Amino acid sequence: MPLARALIGKILVRELPTGELLTGRIVETEAYTLGDPSSHAFRGPTQRNASMFKRHLHAYVYFIYGSAFCLNISSEAEGTGAAVLIRAVEPLTGIETMRTLRGPTIKDRDLARGPGRLCAAFAITKSQDTLDLETDQTLWLATETTKKFAIGTSPRIGLSQEQSRPHRFYLKSSPHLSGPRTLSP
DNA sequence: CAGAGGATCGGCT
DNA sequence: GCCGATCCTCTGG
């Protein structure tokens with residue numbers, strides 16, 4: 001859970017096969033911790049969720065509702081199944097390429113607002129599953145040294161249970177957040 | 001092997 | 001705000 005908060009404000013960097021860099025500031029995350037019934041890792045390791053059991057800072061990418069990929073970052077030690085879902089980023093560079101990936105008429109604020117849209121905008125699919133973000137050359141995290149951010153918390157989005165836990169973190173006053181407005185004060 | 005459900009999105013009301 | 005699409009993954013028989 002500390003990782004979910006720590007990731008707010010970090011920069012997600014993606015290098016495409018063309019060599020172009022896409023970057024965005026992480027503005028919204030959700031923690032899926034050990035023993036959480038709504039976590040994909042709750043029932044133990046399977047072929048799909050294996051990446052959640054890797055050492056921290058490995059990518060876990062899964063396909064959902066027949067239409068979207070979601071990017072998570074493993075958050076605990078090797079053998080512990082836990083991860084942070086990246087729900088939204090603020091696009092910084094490569095915006096025109098993101099628009100070609102998402103649609104020519106999409107507004108900047110909607111390019112990567114929502115976990116599925118984020119993956120589409122950054123060309124992230126199942127082939128990025130299991131990547132080590134500490135060493136990989138196509139997907140990694142960067143830090144803006146001087147910045148500080150006001151961070152809010154709320155219940156997570158889209159769950160049928162566990163709605164009481166405030167495991168969602170977001171950059172306050174960001175216009176790039178996903179979910180109902182009532183959750184993004 | 002069949003069935004059910006999901007950490008979503010986009011379109012329509 | 002609500003609803004349906006769409007398909008991967010897991011579970012049970």
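Since the structure is predicted, the reported quantities are computational estimates derived from the model, not experimental observations. Quick note on labels: first sequence line is chain A, next is B, and so on, each numbered from 1.
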Whole-Å distance separating the [atom1] atom of [X] from the [atom2] atom of [N]:
{"X": "A:Arg102", "N": "B:dT8", "atom1": "CZ", "atom2": "P", "value": "14 Å"}
{"X": "A:Leu118", "N": "B:dA7", "atom1": "CG", "atom2": "C1'", "value": "13 Å"}
{"X": "A:Ile157", "N": "B:dA7", "atom1": "CD1", "atom2": "C1'", "value": "10 Å"}
{"X": "A:Leu71", "N": "B:dT8", "atom1": "CG", "atom2": "P", "value": "14 Å"}
{"X": "A:Phe69", "N": "C:dC7", "atom1": "CZ", "atom2": "C1'", "value": "10 Å"}
{"X": "A:Glu28", "N": "B:dT8", "atom1": "CD", "atom2": "C1'", "value": "13 Å"}
{"X": "A:Ile64", "N": "C:dT6", "atom1": "CD1", "atom2": "P", "value": "16 Å"}
{"X": "A:Phe42", "N": "B:dA7", "atom1": "CZ", "atom2": "P", "value": "13 Å"}

For the student: nearest non-hydrogen atoms of A:Glu20 and A:Gly94, plus distance:
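So the minimum-distance heavy-atom pair works out to OE2-CA, 3.8 Å.
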So does [X] get a side-chain nitrogen or oxygen closer than 4.0 Å to the phosphate oxygens (OP1/OP2) of [N]?
{"X": "A:His40", "N": "C:dT9", "value": "no"}
{"X": "A:Arg168", "N": "B:dA7", "value": "no"}
{"X": "A:Lys126", "N": "C:dT9", "value": "yes"}
{"X": "A:Arg113", "N": "B:dC9", "value": "no"}

Of the listed nucleotides [options], the one nearest the side chain of [X]:
{"X": "A:Thr46", "options": "B:dC9, C:dC10, B:dA7", "result": "C:dC10"}
{"X": "A:Arg48", "options": "C:dC8, C:dT9, B:dG6", "result": "C:dT9"}
{"X": "A:Tyr65", "options": "B:dG6, C:dC7, B:dA7", "result": "B:dG6"}

Return yes if some donor-acceptor pair links the side-chain N/O of A:Thr23 with the main-chain N/O of A:Thr93 below 3.5 Å, else return no.
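Yes.
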Donor-acceptor check, side chain of A:Asp129 to backbone of A:Lys126, threshold 3.5 angstrom: yes or no?
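No; zero donor-acceptor contacts below 3.5 Å.
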What do you reckon, do A:Tyr32 and the base of B:dA7 stack, with centroid distance below 5.5 Å and planes below 30°?
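Yes, the aromatic ring of A:Tyr32 stacks with the base.
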Which nucleotide, in any strand shown, forms a Watson-Crick or G-U wobble pair with C:dT6, with both distances under 3.5 Å?
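Pair assignment: C:dT6 / none.
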Evaluate the criterion side chain to side chain contact (heavy atoms under 4.5 Å, CB included) for residue pair A:Leu177 and A:Arg87; output intermediate values, then yes/no.
CA-CA 8 Å; A:Leu177 302 178; A:Arg87 288 197 57 91; over 6 Å; no
Applying side-chain contact (heavy atoms from CB on, under 4.5 Å) between A:Ser38 and each of A:His167, A:Glu30, A:Arg156, report the one that passes.
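With A:Ser38 as partner, A:His167, A:Glu30, A:Arg156 yield a single side-chain contact (heavy atoms from CB on, under 4.5 Å), made by A:Arg156.
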